[in-house]
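Everything on this sheet refers to the single structure shown next.
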Amino acid sequence: MPNDPADSAADGSAERPRRITVRRRGPLLVEGPVEVELEDGTTVSSDRFRVALCTCRRSRRYPWCDTSHRRKG
């Protein structure tokens, strides 16, 4: 059944894949909201419409990017 309510998100919109945008020498941009499971098993979440995930591990707010990758070093 294509319009089955069980196939819709909690806000009533249809489920669709999350878009992840890869930037060279920058963060991964992910359409939110998101939950991120860290290496130690803890989970962090954001309900923002887009989040930037750090890939260089220089962020003081890891896993969220704080643009620390722009600094030389």
Side-chain angles (χ1 to χ4, degrees):
M1 187 182 231
N3 292 327
D4 186 356
D7 292 335
S8 296
D11 65 1
S13 63
E15 282 287 328
R16 61 179 176 74
R18 294 279 180 224
R19 179 179 300 258
I20 299 173
T21 305
V22 179
R23 302 281 182 198
R24 184 184 309 238
R25 295 173 20 193
L28 293 175
L29 301 176
V30 183
E31 289 184 5
V34 299
E35 284 188 346
V36 178
E37 184 176 330
L38 302 175
E39 290 175 295
D40 65 3
T42 59
T43 302
V44 294
S45 61
S46 174
D47 60 357
R48 297 183 63 158
F49 72 94
R50 182 178 298 140
V51 296
L53 296 177
C54 178
T55 58
C56 69
R57 293 189 169 262
R58 293 180 189 153
S59 175
R60 290 184 210 123
R61 299 186 61 225
Y62 186 82
W64 317 120
C65 179
D66 66 1
T67 69
S68 293
H69 61 272
R70 293 180 184 166
R71 291 190 276 282
K72 301 264 184 198

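Worth saying up front: this structure is predicted, and the values here are computed from it rather than measured.
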Item to check | Test salt bridge (Lys or Arg N to Asp or Glu O under 4.0 Å) applied to Arg18 - qualifying residues, sequence neighbours left out | outcome: none

Checklist outcome for this item: Those residues at least two apart in sequence (or on a different chain) that pass side chain to side chain contact (heavy atoms under 4.5 Å, CB included) with Arg25 are none

Checklist entry - Is a donor on one side and an acceptor on the other found under 3.5 Å between the side chain of Ser59 and the backbone of Trp64? => result yes

Checklist entry - Less than 4.5 Å apart, any side-chain heavy atom of Val22 and any of Leu28? => result yes

Item to check | Ile20 with Phe49, same ILVMFWY side-chain cluster at under 4.5 Å | outcome: no

Checklist entry - What distance separates Arg58 CZ from Thr67 OG1, expressed to the nearest 0.5 Å? => result 11.5 Å

Would you give me the side-chain donor-acceptor pairs under 3.5 Å for residues 29-37, sequence neighbours excluded?
residue: Glu31; atom: OE1; partner: Arg16; partner atom: NH1; Å: 2.9
residue: Glu31; atom: OE1; partner: Arg16; partner atom: NH2; Å: 3.3

Item to check | Pairs where residues 42-56 contributes a residue and the test side-chain hydrogen bond (donor to acceptor under 3.5 Å, both in side chains) is met, not counting sequence neighbours | outcome: Asp40-Thr42

